[in-house]
Amino acid sequence: MVEAGRYYKFDWITIILFFMLVGFGWINIISASHTGDTINYFDFSQPYGKQLMFIFLTIGLIVLILAIESKFYERFSSVIYIVSMLSLVGLFAFGKNVNGATSWYGVGAMTIQPSEFAKAATALAVAKYVSDLNTDIRKIKDQIYVFGIIAIPAILVLLQKDAGSTLVYGSFIFVLYREGLSPLFLVLAAMLIGISLSALKFGVIITSIIITVVILGHHFLRRRKPLLIQPISIITISVAVAFGVRYFYDEIIPFHQKDRITIWLSLEKDPVKLERMKKTIAYNLNESEKAISSGGLKGKGFLEGTRTTGKFVPEQHTDYIFSTVGEEWGFIGSTAVIIVFILLLLRILHLAELQRSQFSRMYGYGVASIFFMHFFINIGMVMGIIPTIGIPLPMFSYGGSGLWGFTILLFIFIKLDSDRINQW
């Protein structure tokens, strides 16, 4: 618990931004989930009533997090990580299947999603390992170890058919890059994405030709030419990746995920069939885009969104909550929400750079990276910029596990930052 004789200064700007998002998120959950003219805010049979209860419980959770001595999170980060991984493993035996994903434990009438808490546990474990005096992130051995820490929860979540949450763990590459990971990894990541998209959109043969021309062209234009074996090796690996991605798309991924990618990249050659797919498979996205565009500049007003109140967007109070913002609060309201999110991200990064310990700095960057990934993917998905991926908007989307997971993630950092004055 709190250590006597130590002084703590909490960053109220971050706390205020957090509660602004939580409060406005709850207002939009009311719009997206109410079923009649009369709203009973304490009707716990309705999503907005349950979310209000989650928010009240969140305040108690915050008090608990801030009351614990800050060194606890560093000292016991490994224990927290192991317990979190065991909770993910336990889902395979005791998990409850919801919408095809076995990601929840049933607790009476409620469910708990451990993957939401695993993000904070992984951020703590990564920060602890990399900040250890014996760790050098530039060494291959330590890189393998830290990537293993990140890969374990990512694989466990993927096996539970929660691809959206799996993608979030890719955000840790920004944390490692800040701490000295070679920029080559970012280049490789960008190349992997480019090759994958090209293999799906243009086919493996055309992608292989493009790769060969670009790499050999770069090789022969260089003044100091390395051995030809180097570009040939790169070409071979790149072409193998292209074949692998295409095979994974054609033979392995579930049909509903394959259809989403097909629609996003317009892979279907028959325009009539593609349009039919957009109207059926991409129904949520189409209705979401219509709701956002109907809001115009100023929006239709609280509880006045006809597409929201008419329930045109299924499960609008969860992953598609931003479409409610677009319809009822318009371009101005949507922009304001995005600005608040960006301010929160910038504030976290600013505080991370002020930290005197590498552990606190790395954890802060982990928090910012995870928030950014959720923010970017969710809003991009709702607006049709990226394919449909089930991932919540932090502090906005309905759900106790999501709200508490983000709360734990953020307020551990706020606690670490508050102890900065006592660090030397």
Side-chain angles (χ1 to χ4, degrees), residues 21-55 97-101 103-104 109-111 113 164 256 259-260 263 275-334 337 374 377-403:
L21 292 172
V22 170
F24 193 51
W26 180 63
I27 289 173
N28 284 277
I29 289 174
I30 294 173
S31 294
S33 62
H34 82 97
T35 56
D37 296 330
T38 303
I39 298 177
N40 179 3
Y41 298 110
F42 298 98
D43 182 358
F44 298 124
S45 66
Q46 297 295 326
Y48 58 81
K50 293 178 182 177
Q51 190 73 3
L52 183 60
M53 178 184 66
F54 296 148
I55 292 171
N97 189 290
V98 179
N99 295 328
S103 303
W104 290 265
M110 297 178 60
T111 56
Q113 188 175 5
H256 70 280
D259 289 337
R260 291 171 181 175
I263 294 170
E275 192 63 30
R276 191 183 305 119
M277 290 178 68
K278 289 180 178 180
K279 291 180 179 179
T280 54
I281 298 169
Y283 175 80
N284 283 26
L285 174 60
N286 290 331
E287 293 302 325
S288 172
E289 292 177 338
K290 290 176 183 177
I292 293 174
S293 62
S294 69
L297 179 63
K298 298 180 180 179
K300 298 176 181 177
F302 179 54
L303 300 180
E304 298 297 326
T306 53
R307 308 198 73 83
T308 295
T309 56
K311 310 303 177 188
F312 284 89
V313 184
E315 301 297 324
Q316 191 173 6
H317 58 292
T318 55
D319 296 344
Y320 282 88
I321 190 67
F322 192 73
S323 63
T324 304
V325 179
E327 181 177 25
E328 297 198 344
W329 305 96
F331 175 79
I332 295 175
S334 301
V337 169
H374 272 272
I377 291 178
N378 181 275
I379 293 182
M381 170 193 74
V382 171
M383 299 179 67
I385 299 173
I386 61 177
T388 300
I389 301 170
I391 192 170
L393 183 61
M395 285 78 76
F396 259 71
S397 294
Y398 166 78
S401 295
L403 177 59

For residues 280-292, the salt bridge (Lys or Arg N to Asp or Glu O under 4.0 Å) pairs (sequence neighbours left out) are E287-K290, E287-R307

Side chains of W329 and V337 in contact at under 4.5 Å (non-hydrogen atoms):
no

Applying side-chain hydrogen bond (donor to acceptor under 3.5 Å, both in side chains) to Q316 and not counting sequence neighbours gives T308, S323, T324

Side chain S397, main chain P392, donor-acceptor under 3.5 Å: no

Taken in chain and number order and not counting sequence neighbours, the residues that satisfy ring-ring contact (aromatic ring centres under 6.0 Å, His included) with F312 are none

Over 60° means perpendicular and under 30° means parallel, so classify the ring planes of Y41 and Y48, tilted if in between. perpendicular

Residues at least two apart in sequence or cross-chain that pass side-chain hydrogen bond (donor to acceptor under 3.5 Å, both in side chains) with D43, listed by chain then number, are S45

Are L52 and W26 side-chain neighbours, meaning at least one heavy-atom pair lies under 4.5 Å?
yes

With sequence neighbours left out, the residues meeting side-chain hydrogen bond (donor to acceptor under 3.5 Å, both in side chains) with H374 are K119

Over 12 non-hydrogen atoms of neighbours within 6.0 angstrom of CZ in F24
yes

dist I292:CD1 -> F322:CZ (nearest 0.5 Å) comes out at 6.5 Å

Flag side-chain contact, heavy atom, 4.5 Å: T309 against H34: yes

Sub-3.5 Å donor-acceptor pair from the side chain of N378 to the main-chain atoms of D319, do we have one?
yes

Residue pairs passing the salt bridge (Lys or Arg N to Asp or Glu O under 4.0 Å) test with at least one member in residues 294-305, sequence neighbours excluded, are K300-E327

